[in-house]
Amino acid sequence: MSCAQLQFFRQLLEKQREQIADNARHTGNNLRAHEEFSDPADRATQEELHTLELRTRDRERKLQKKINAALRRIDDGEYGFCEETGEPIGLPRLLARPTTTLSLEAQERHEQRERQFRA
């Protein structure tokens with residue numbers, strides 16, 4: 001992978017990390033804004049919205065860990081290579097999922113093994 005491509009993915013990952021941080025701040029502000037609803041349906045709706053927001057933040061927190069790991073792989077010169085096979089992952093897959101650590105073939109094998117063990 002060229003230096004320009006690595007720089008592109010670094011910027012993409014850093015932008016995603018910033019968006020997650022902004023979303024977390026926004027969620028914190030929303031949760032601190034304590035509104036009192038006299039109608040139980042309104043209160044239930046608000047609680048459900050808070051639950052959905054917290055679930056989303058939890059997924060984003062996990063994504064942030066993957067982003068940080070991808071940035072470390074860029075620094076270490078390991079970004080873009082499958083951790084299972086050592087083969088290049090491929091730009092189309094990295095564009096679709098910049099935090100991926102497996103090539104498409106390795107990911108398919110991994111998912112196949114998961115399906116076998118769940119059955």
Side-chain angles (χ1 to χ4, degrees):
M1 188 174 296
S2 73
C3 290
Q5 290 169 329
L6 287 172
Q7 186 61 27
F8 169 81
F9 283 109
R10 176 183 297 283
Q11 290 173 350
L12 179 66
L13 290 162
E14 287 173 348
K15 183 177 178 183
Q16 286 181 348
R17 187 169 59 178
E18 289 172 21
Q19 288 173 337
I20 290 171
D22 289 343
N23 289 345
R25 282 189 291 277
H26 179 70
T27 297
N29 293 337
N30 283 348
L31 295 177
R32 281 196 267 324
H34 188 66
E35 295 183 43
E36 293 294 325
F37 294 102
S38 58
D39 182 23
D42 290 341
R43 189 175 25 235
T45 299
Q46 187 64 33
E47 287 177 12
E48 183 64 24
L49 289 173
H50 283 186
T51 300
L52 289 172
E53 256 189 89
L54 289 173
R55 206 174 307 154
T56 300
R57 293 297 81 73
D58 186 51
R59 282 195 304 270
E60 286 183 343
R61 181 184 52 79
K62 292 174 185 174
L63 177 58
Q64 190 168 19
K65 287 181 182 181
K66 290 179 180 182
I67 290 170
N68 290 336
L71 289 169
R72 279 192 302 277
R73 286 193 308 277
I74 289 174
D75 291 339
D76 296 342
E78 299 171 2
Y79 185 78
F81 294 96
C82 178
E83 66 180 15
E84 195 172 284
T85 65
E87 296 292 320
I89 291 174
L91 291 177
R93 179 152 169 80
L94 288 170
L95 286 170
R97 186 176 293 264
T99 59
T100 192
T101 60
L102 298 173
S103 66
L104 185 58
E105 295 80 16
Q107 182 65 38
E108 288 173 347
R109 284 192 303 272
H110 178 73
E111 290 173 3
Q112 182 65 28
R113 284 190 300 262
E114 279 185 355
R115 282 191 292 273
Q116 287 175 346
F117 288 116
R118 274 193 260 156

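Below, all heavy atoms of this structure are taken into account, side chains as well, without hydrogens, waters or symmetry copies.
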Is Glu84 paired with Arg113 through a side-chain N to carboxylate O contact shorter than 4.0 Å? yes
Minimum-distance pair of heavy atoms, taken over all atoms of Cys82 and Ile89: N-CG1, 3.6 Å
Under the ring pair (Phe, Tyr, Trp, His ring centres under 6.0 Å) rule, what pairs show up with a residue in residues 75-106, not counting sequence neighbours? Phe9-Tyr79
Heavy atoms of other groups near Arg61 CZ, more than 12 under 6.0 Å: yes
Nearest heavy-atom pair of Gln16 and Pro98: which atoms, and what distance? NE2-CG, 4.0 Å
Any Arg109 side-chain heavy atom under 4.5 Å of Glu105 side chain: yes
May I ask you to test the Lys62-Asp58 pair for a side-chain heavy-atom distance under 4.5 Å? yes
With sequence neighbours excluded, residues passing side-chain contact (heavy atoms from CB on, under 4.5 Å) with Arg10: Gln7, Glu14, Leu71, Ile74, Asp75
Validation row: His26, Asp22 side chains within 4.5 angstrom (heavy atoms): no
Distance, nearest 0.5 Å, that separates CD of Gln46 from NE2 of His50: 4.0 Å
Pair Arg57 + Glu60: basic N to acidic O under 4.0 Å: yes
Can you hop from Leu49 to Leu54 via hydrophobic side chains spaced under 4.5 Å? no
State plainly whether the residues Arg73 and Glu83 are in salt-bridge range, i.e. N to O under 4.0 Å. no
Would you say that Asn23 contacts Thr56 through its side chain, given a criterion of any heavy-atom pair below 4.5 Å between the two side chains? no
Do Leu95 and Phe8 have side chains that get closer than 4.5 Å, going by heavy atoms? yes
Rounded to the nearest 0.5 Å, how far apart are CG of Leu63 and CZ of Arg97? 9.0 Å
Between Gly80 and Met1, which heavy-atom pair has the shortest distance, and what is it? CA-CE, 4.0 Å
Just checking, any donor-acceptor pair under 3.5 angstrom between side chains of Gln107 and Glu111? yes
Hydrophobic cluster membership, Leu91 vs Leu6, 4.5 Å side-chain cutoff: yes
